[in-house]
Amino acid sequence: MFLTHEVSVALHNPTVLEFPASPEIVDEIDKHHDAEVAEWLEAFDQVVEDEGKQRGTGLLEALVRHARRSGVDLPVKLNTPYVNTIPVEEELPYPGDRALERRIKSLIRWNAMAMVHRQNKLDAGIGGHISTYSSLATLLEVGFNHFFHASYGDQPGDLIYFQGHSSTGVYARAFLEGRLPLERVENYRHELRDTPGLSSYPHPWLMPDFWRFPTVSMGLGPLNALYQARFMRYLENRGLIEKTDRKVWAFIGDGETDEPESMGSLTLGAREKLDNLIFVVNCNLQRLDGPVRGNGKIVNELEAAFRGAGWNVIKVLWGSDWDRLLAKDKSGLLAKRFEEVVDGELQSYKARGGAYIRKEFFGKYPELHKLVEDLSDEELHYLARGGHDPQKVYNAYKRAVEHTGQPTVILAQTVKGYGLGSAEARNATHQEKKLADQALTAFRSRFAIPIPEEAAKKGALYRPPDDSPEITYMLERRRALGGFTPERHPKKIEFKAPPMAEFAESLAGSKGRAVSTTMGYVSMLRQLMKDADIGKYIVPIVPDEGRTFGMESIIRQVGIYASQGQLYRPHDVDMLLYYREEKDGQILEEGITEAGSMASMTAAGAAYSNYGVPTVPFFTYYSMFGFQRVGDMIWAFADARGRGFLVGGTAGRTTLAGEGLQHQDGHSLVLASTVPTCHAYDPAYVYEIAVIVQDGMRRMFELNEDRFYYITAYNEDYAMPEMPQGVEEGILRGLYKYKAAGEKSVIQLFGSGPMLNEALKAQQILAEKYGVHADVWSVTSYNELRRDALAIERWNRLHPAEPEKRPYILQALDGSEGAIVAATDYMKAVPDQIAPWLPGRLVSLGTDGFGRSDNRQHLRQHFEVNAESIAAAALSRLAREGKFDAQRAQQAFGELGIDTEKIDPAIA
Ligand SMILES: Cc1ncc(C[n+]2csc(CCOP(=O)(O)OP(=O)(O)O)c2C)c(N)n1
Ligand SMILES: [Mg+2]
């Protein structure tokens with residue numbers, strides 16, 4: 001027999017024959033082996049028939065083991081045939097009323113579509129999406145009617161991450177359930193009206209009673225869901241919540257899986273055996289611009305990736321009508337055709353209709369053409385994809401919720417724009433906002449919506465009466481599953497922030513010992529975890545930087561959370577601070593993933609609402625790899641009303657020595673200022689951190705304020721002073737006078753973080769060498785000062801007839817004369833935030849530009865933020881004001897070792 005080169009290579013080296021090999025090659029190989037293969041197969045079939053499928057699996061496993069021992073190479077095959085995972089004979093009957101559920105789904109489809117159509121007619125360009133939900137409807141409805149628990153007894157229910165662009169379907173259901181009044185639905189995307197409408201996407205910030213999880217930034221939903229499932233286990237294993245069957249469901253777009261966040265952490269699910277996690281990938285084969293994998297198969301790609309990562313994969317590709325064809329086809333060509341056809345073609349079939357399907361899909365082989373000769377073109381067009389068949393979806397979900405030991409992914413093949421007539425499966429369908437009159441009436445007939453044609457054309461919403469069979473049924477189903485979902489009603493939590501007295505050690509200073517704020521913060525955290533009442537709620541999170549921040553002692557104290565405990569004897573077990581893993585360990589040591597850590601932060605920071613447990617996360621990381629690296633996740637954390645502390649360690653562009661451009665952070669505070677609920681602080685001393693953390697816990701967990709904190713922590717060692725009297729308010733509001741000049745000051749020096757020490761040295765230089773007296777202030781937060789000033793300014797603007805109010809920054813500076821030289825280890829934009837309220841007074845010294853590998857002394861010289869540069873800047877400024885001799889000032893630069901002609905660090 002003639003063998004192509006490809007086949008002969010494959011025969012001699014089976015590992016190259018990785019699925020999906022071309023069907024021609026497979027055929028040729030089979031033919032070559034014909035008699036021998038047939039004999040083996042027959043024997044195998046016999047065993048399976050006599051002794052069952054499990055025995056078949058056992059035989060194969062034994063054979064594989066044997067082959068491996070004999071040194072025979074085995075092909076790695078992660079794909080299964082392109083058919084449903086669950087064989088039809090294993091399917092359970094559908095437990096619900098199919099006809100009634102279809103009616104309900106049709107009404108939801110209508111309202112979801114009409115809400116967008118109607119609003120875009122009224123308000124052109126307001127936007128919205130129709131086609132995502134149209135592909136997802138069955139996948140959600142089977143869940144709502146049979147799976148999504150709103151509670152498990154007295155415990156909270158499932159957590160569901162909805163595809164962001166399918167929000168209209170979720171609204172439409174809530175409208176039918178009577179939870180969203182017509183006026184709100186009619187104000188979809190009109191949130192700022194007298195009756196506030198519905199937000200575009202799942203935004204807990206905008207609809208706090210409804211949405212729990214912001215998902216519309218692609219990729220964040222799946223990642224957050226994964227870590228949510230893990231955090232649920234963490235809470236269970238630590239005894240903070242009861243163990244239940246509750247699940248985390250994540251509905252994800254197939255296009256969305258291209259985001260690294262979607263797929264990057266899958267192995268965590270398998271490693272942690274998260275059988276409380278179910279991903280449903282809505283494989284409508286399209287994304288925004290066109291097909292997800294026109295030339296390939298997204299389902300195969302995902303199947304291989306998920307199986308490779310250790311997940312249970314259930315494919316739901318074809319509806320029940322296809323089962324009949326598969327059963328009828330004795331040639332095996334139908335299954336082969338499924339294998340051959342690429343996604344771009346599958347999309348075209350739905351876009352082009354029955355005649356095209358007959359010719360292009362079935363027409364390839366005469367046997368297949370014959371197989372469908374008694375079906376009309378219309379019937380061919382309506383042969384359903386698996387994700388539109390409730391029977392298939394039900395069975396997949398049932399298996400998923402019952403599966404143990406692994407997370408499950410359901411790969412459901414659907415049609416984008418399902419039921420939208422001419423918009424169905426079109427590349428442009430994602431952008432469709434309105435339907436033509438004819439399409440609307442066709443939709444109305446196809447789904448039998450009982451409204452007049454004229455109303456249909458306007459996109460009128462429709463809700464049957466309360467006592468209609470549809471409403472009765474859907475409410476009964478929800479009652480059986482414990483209530484409505486999604487819903488968000490955080491329980492009142494009992495939490496008392498530890499009093500300031502508990503922070504005594506941090507407030508007392510270091511008694512002359514040189515320590516860093518990081519070290520001070522870590523001992524504070526250790527102390528907090530010992531608190532009898534709230535200690536257990538503290539969740540330290542760290543992405544493989546524990547040692548960088550000196551957190552070994554915490555590891556020893558409370559252990560690293562490890563769902564399996566510690567299965568090995570750590571080599572350092574005899575040491576005091578050994579690497580301790582525990583089943584109920586408290587630290588989440590996430591490994592090198594800031595994104596994963598942020599997902600844990602999000603789960604822990606919103607646990608007050610999802611579990612009624614006030615966990616207080618402290619996510620400590622390399623400050624450069626926070627806002628810059630996972631800024632979008634932090635934004636979503638704010639949307640989710642997340643609470644807790646982000647602690648940016650190794651902060652500051654000149655304080656982190658030696659590391660250079662990609663490590664030295666001079667801008668996270670700028671980025672932090674962009675998040676409305678983020679309160680960012682740049683403390684110099686440990687007592688400042690203590691005041692901020694104590695007040696933060698009080699405000700977030702005692703007063704239930706939806707806010708979170710960003711605190712920079714530095715690694716420069718210096719003596720931490722004891723807290724002076726009466727500075728708490730200043731610390732929290734952003735500024736207080738730390739050290740007054742002995743005599744009347746002519747200039748003010750502001751310092752933040754370690755730059756406060758530079759300012760103090762500058763104060764001394766100015767007084768001793770130049771006879772200039774300056775006050776020194778600690779500025780803990782320019783961000784807070786600006787926010788306060790903006791709020792006051794706004795009030796003044798809106799109330800011109802009332803006496804003007806004064807922002808805190810001006811009140812605090814009352815009586816302090818002269819210009820202000822502000823030194824920060826961050827960009828000048830940070831102090832510049834308060835410039836509008838200090839006209840002409842502010843001189844900002846900061847670290848604009850790329851970092852360098854050098855020590856602190858040279859870095860501060862380079863960026864012109866050292867004590868000498870601060871002093872010289874003060875003299876220069878006084879000279880410009882005519883308060884100091886200009887020549888003398890110029891001379892001072894030389895005396896203080898500053899090269900006035902060197903390159904500007906901002907561009908160096
Ligand atoms: C991070 C991010 N990038 C881009 C977008 C814009 N966007 C919205 S929907 C979409 C396509 C979604 O395709 P898919 O995930 O397949 O969902 P489908 O609507 O097909 O169900 C894109 C690119 C976004 N929302 N988030
Ligand atoms: Mg898609």
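Atoms within each ligand, like the ligands themselves, are counted from 1 in listed order.
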Salt bridge or not between [X] and [Y]? Use side-chain N to carboxylate O under 4.0 Å.
X      : Y      : result
Arg385 : Asp321 : no
Arg103 : Glu470 : yes
Arg118 : Asp123 : no
Glu487 : Arg212 : no
Lys350 : Glu345 : no

*Could you name the option among Lys416, His430, His165 that has the heavy atom nearest to atom 18 (P) of ligand 1?*
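Among Lys416, His430, His165, the closest heavy atom to atom 18 (P) of ligand 1 belongs to Lys416.
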
*Among Glu259, Arg287, His129, Glu256, which residue places a heavy atom closest to atom 1 (C) of ligand 1?*
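Nearest option to atom 1 (C) of ligand 1, by heavy atoms: Glu259.
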
*Numbered atoms and elements of ligand 1 in range of Asn282, under 4.0 angstrom, heavy atoms*: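 This gives 21 (O) as the contact atoms.
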
_For Ser217, atoms of ligand 1 separated by under 4.0 Å from a heavy atom_ =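 Every atom of ligand 1 under 4.0 Å from some heavy atom of Ser217: 1 (C), 26 (N).
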
*Asp254: which N/O/S atom is nearest the Mg ion (ligand 2)?*
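For Asp254, the N, O or S atom at the smallest distance from the Mg ion (ligand 2) is OD1.
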
For [atom], what is the nearest protein heavy atom, given as residue, atom name and distance?
atom                    : value
atom 17 (O) of ligand 1 : Gln163 NE2, 3.3 Å
atom 14 (P) of ligand 1 : Gly255 N, 3.6 Å
atom 25 (N) of ligand 1 : Val216 O, 3.0 Å
atom 4 (C) of ligand 1  : Met218 CG, 4.2 Å
atom 22 (C) of ligand 1 : Leu288 CD1, 3.7 Å

For [Y], is there any backbone N or O sitting under 3.5 Å from a side-chain donor or acceptor partner on [X]?
X      : Y      : answer
Arg246 : Gly157 : yes
Arg426 : Ala351 : yes
Lys398 : Val393 : no
Asn111 : Leu461 : no

*How does Asp254 reach ligand 1, by side chain, by backbone, by both or by neither, if only non-hydrogen atoms under 4.0 Å count?*
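Under 4.0 Å from ligand 1, Asp254 contributes backbone and side-chain atoms.
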
Answer yes or no for [X]: is there an N/O/S atom below the 2.8 Å cut-off from the Mg ion (ligand 2)?
X      : answer
Gln286 : yes
Glu256 : no
Asn284 : yes

*Would you confirm whether any non-hydrogen atom of the protein falls under 4.0 Å from atom 6 (C) of ligand 1?*
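Given the 4.0 Å cut-off, atom 6 (C) of ligand 1 does not count as touching protein heavy atoms.
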
*asked:* With a 6.0 Å cut-off (strictly less than), is the heavy-atom count around CD of Glu360, excluding the residue itself, greater than 12?
replied: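 For Glu360, atom CD is crowded (more than 12 foreign heavy atoms under 6.0 Å).
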
